[in-house]
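Inspection log for the structure reproduced underneath, given as structure tokens.
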Amino acid sequence: MKHPYSLALLTQAILAAPPVVIRNAHVIPVTRPAFTGSVVIENGRIRQAAEQVTVPQGATIIDAAGQYLMPGIIDCHSHIGVEAINEGSVSVSSMAGIEDVIAPEEIAIYRALAGGVTTANVLHGSANSIGGKCAVIKLRWGASAREMLFEGAKPGIKFALGENPKRTNSPSSRGAGTARYPTTRMGVEDVIREAFTEAKAYQKEWREYQLKTERREPAIAPRRDFKLEPLVDVLENRRFVHAHCYRSDEILMLLRVAEEFGFRIRTLQHVLEGYKVAKEIAAHGAGASTFSDWWAYKVEAYDAIPYNAAIMLKKGVLVSINSDSPDVIRRLNTEAAKTMRYGGLTETEALSLITINPARQLEIDGRVGSIDTGKDADLVLFDKHPLSNYAVAQKVFVDGELRFDRARDLAARPEREAARQALLERERPGARRAPARRAQ
Amino acid sequence: MILGQADSPPMKPLRIPPCARAALALLPFLGAAADPPALAVRNARIVTVTGPVLENGTLLVRNGLIEALGGNVPVPANAWVLDGAGLTVYPGLMDALSTLAAGADLPQPGAASPRNGPSAPSGATPARGPEDRPLTTSWIKAADTLQAADRNIDLFRQAGFTGAATFPTRGIFGGHGAVINLASAPAGKMVVEPSVGLYAALATGGAGSFPSSLMGSISYIRQIYADAAHYVAMKEAYAANARGRQRPAYDRALEGVLEARRLLLPGSRAVEIERSLRLAAELKVRAVLYGGHEAYRVTEPLKQSGMPILVSVKWPERDPNGDPDEVESLRQLRLRAQAPGSPAALAQAGVRFAFYSDGLQSPDQIKRGVRRAIENGLDETAALRAMTLAPAEIFGVADRLGSIEPGKIANLVIADGPLFAETTRIRYVVVDGVKYEPVQRENAR
């Protein structure tokens with residue numbers, strides 16, 4: 001396993017890498033019709049994607065005859081690769097951030113990559129009405145925590161409504177006297193209102209300070225408050241709100257509260273009753289990131305239907321399908337395919353739910369989400385059509401670098417097992433402890 | 001035997017009933033209070049650490065300090081003279097991060113109650129945010145709570161340890177560490193430097209009390225430093241002109257943080273090391289990392305940061321009580337095999353590092369840990385440095401400790417062979433110029 005623990009090294013590696021041409025593939029760009037042809041990767045970007053391409057000198061050629069090349073899958077709701085998910089002690093935990101706790105070597109990242117996922121929106125948990133800051137990561141398996149971050153992606157924050165923030169299903173809420181406010185849906189709304197009222201006062205305090213310094217009047221900078229700063233970011237449109245929600249009534253509540261305070265909800269997450277209020281969601285401009293066909297795992301999830309994604313899409317909502325799970329993230333292509341059975345979406349529409357749509361929701365569609373010239377070479381090569389149950393990802397590129405290769409992985413297994421046995425042998429009581437050789 | 005004389009034969013603590021031990025432990029203070037006579041070691045091999053090795057030198061100690069060393073040093077008539085033939089003199093060893101004698105039995109101030117204002121100690125009320133200063137005792141100083149009667153002082157000294165950087169380590173901001181000499185002396189006389197750094201850990205308060213997660217702890221540390229900066233600005237403005245201004249509330253948590261000369265941050269796995277390096281850079285603090293087991297993978301970022309790291313010699317081991325059939329990952333096995341190679345990798349990369357005991361209670365275990373680092377490529381000179389001069393440099397006391405040079409504090413260990421060899425016996429230990437003779441145990445180790 002490689003561990004290039006420095007961004008400089010990583011960049012150098014990409015720049016120094018020879019161009020790659022993937023030939024004879026069924027290319028599914030998502031944003032335009034599919035074709036059989038080639039994709040040229042150079043300096044980590046897609047240089048050309050067409051039926052006929054110019055092969056650069058010294059290029060590595062990958063023959064993908066009979067295989068399917070699609071953009072790397074994007075999961076708009078994940079909790080993989082982190083050492084902590086919930087700062088559940090407080091109702092507003094916006095001071096906490098996922099960026100601080102990325103665990104780049106967690107195996108879930110590799111498994112997601114092996115399922116064709118190249119970008120994930122890693123969210124704080126849903127224990128709080130206003131949760132922590134989120135991080136968009138690229139699954140650059142082998143890189144450090146910092147190098148995983150999707151550079152330039154707009155930061156986000158998690159909100160949550162309903163049973164989770166009111167702790168309906170939390171053991172601590174059942175103990176006497178230990179319940180945390182809020183314990184009702186009314187309370188959830190109140191916490192959000194209170195927090196943004198506080199944030200507005202904080203914003204005003206800083207504005208006044210800035211005015212004073214501009215006028216060269218003596219002033220002491222206000223105390224920085226890391227709970228309120230992300231909320232000011234939201235008010236000033238520098239941070240996206242990703243709101244966990246289920247019921248239509250609370251969805252409407254959140255949209256109203258946001259409009260009242262002058263900000264937008266970027267995505268509604270889960271949003272299982274979104275089909276009931278799709279027009280209102282579209283009017284607000286919120287995206288929706290939902291499950292394919294999960295429901296009834298708790299009371300607020302009883303009114304879910306598998307047609308949710310398709311209905312919202314047809315009502316003009318920007319829709320994506322997410323996993324929220326280290327298991328489901330490995331087969332988001334199958335999840336997307338279900339919208340063809342339930343809702344009659346086209347192949348392209350179905351695939352857009354896990355590629356260009358989540359990219360637009362995260363405002364990274366200039367970089368990823370489709371196979372177009374100039375975009376990052378985040379690509380996944382499937383042996384069968386990705387909307388088939390039988391499709392298995394063979395090669396996954398992130399920034400043009402082959403980060404998962406099924407054949408390479410399988411071939412390396414005997415060697416890894418031998419290395420494991422050798423290390424176990426060294427630890428056996430009585431074994432001579434030779435100095436460990438540094439693995440590369 | 002005459003208790004209290006500086007070179008009296010050592011007590012055998014195990015044979016003395018516990019009730020009498022406390023009283024006996026106090027007696028050596030009487031002797032240590034008087035200036036010990038000069039002490040000379042003749043014809044010894046002297047490993048100075050900072051200079052060349054003297055193969056047959058004389059070392060003169062007076063008034064607790066190294067007065068002279070060389071091939072031809074005049075020895076005063078009234079000096080105690082040790083024949084050093086066959087013996088090697090080293091600077092005394094130092095545990096770079098310890099809780100020895102730090103007063104760890106103090107009651108733990110838990111999360112504060114919001115009603116009582118910042119820093120109010122109360123174990124029961126859950127903290128509702130950074131304002132409650134949870135898991136914070138940044139105002140505590142090991143130098144103020146030092147337990148001179150800690151029985152482990154003698155245990156460590158017998159093994160050649162003459163000093164330690166000892167810290168209050170509970171919670172997120174544990175408190176300020178002190179560099180101490182492991183002398184049988186009143187607490188005040190043990191302290192070499194009272195405030196060498198603030199110990200921080202990414203601890204959590206459990207569910208229901210802030211912070212309950214790793215990211216909460218990190219956000220708390222960040223908020224504390226922002227609060228401290230604001231606190232300074234408010235206090236300065238008030239000091240400049242109090243009239244007509246509201247008085248900033250005194251906050252002992254922030255006072256403690258502001259007083260910190262260094263911030264100790266955790267970093268054992270590579271991801272933790274990088275995280276703490278980033279945090280230190282963001283907070284613009286001088287940091288010392290501790291942990292270091294996976295440092296062999298991140299020597300380059302460590303080198304670039306210029307921050308030193310304390311390496312725990314409690315190497316990861318297979319859980320002796322674990323299920324023998326459990327399949328362990330290659331990564332786990334590699335960490336166990338390669339962690340003891342971290343010191344060698346750090347030395348090669350030119351990163352400043354020192355060793356610490358990390359809760360190992362027996363000095364023999366510590367030495368075994370150091371030997372593993374040597375077996376894994378660390379040369380013995382570098383190992384010695386990591387337990388003498390390096391910790392002294394890291395904590396800013398290298399002008400007084402860490403090597404054998406005239407004018408430095410006379411902390412020495414005198415052994416009958418190479419210090420880290422298994423068969424070597426420690427014959428004498430000198431702390432602040434006072435000579436101690438370890439009990440020679442027959443079946444030692």
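The model shown is predicted, which means the values in this text are computed figures rather than measured ones.
- Residue B:P340: no heavy atom, backbone or side chain, is found under 4.5 Å from chain A.
- Interface remark: B:I218 contributes side-chain atoms only to the contact with chain A (heavy atom separation under 4.5 Å).
- Of the atoms belonging to A:A221, it is backbone heavy atoms, and not side-chain ones, that fall under 4.5 Å from chain B.
- For chain B, no part of A:I107 is nearby; none of its heavy atoms comes within less than 4.5 Å.
- The pair A:K138-A:E147 does not meet the salt-bridge criterion, since no charged nitrogen lies less than 4.0 angstrom from a carboxylate oxygen.
- In this structure, chain B has heavy atoms under 4.5 Å from both the backbone and the side chain of A:V101.
- Note: B:Y220 and B:F210 have perpendicular aromatic rings, judged against thresholds of 30 and 60 degrees for the angle between ring planes.
- Of the listed residues A:A103, A:P222, A:S93, the one with more heavy-atom pairs under 4.5 angstrom with chain B than any other is A:P222.
- Using a 4.0 Å cut-off between a side-chain N of Lys or Arg and a carboxylate O of Asp or Glu, B:E255 and B:R252 do not qualify as a salt bridge.
- In terms of heavy-atom pairs under 4.5 angstrom with chain B, the leader among A:A96, A:A419, A:P218 is A:A96.
- One finds a salt bridge joining B:D227 and B:R133 here, because a Lys/Arg side-chain nitrogen approaches an Asp/Glu carboxylate oxygen to under 4.0 Å.
- In terms of non-hydrogen atom pairs under 4.5 Å with chain A, the most contact-rich of B:A233, B:S219, B:A226, B:A237 is B:S219.
- Both the backbone and the side chain of B:R222 have a heavy atom closer than 4.5 Å to some heavy atom of chain A.
- Salt bridge annotation for A:E83-B:R269: present, with a cationic side-chain nitrogen under 4.0 angstrom from a carboxylate oxygen.
- Comment: A:E208 engages A:K204 in a salt bridge, judged by a side-chain N to carboxylate O separation of less than 4.0 angstrom.
- For the set B:R275, B:R336, B:Q332, the entry with the most heavy-atom pairs within less than 4.5 Å of chain A is B:R275.
- With respect to A:R413 and A:D409, a salt bridge is recorded, a charged nitrogen being found less than 4.0 Å from a carboxylate O.
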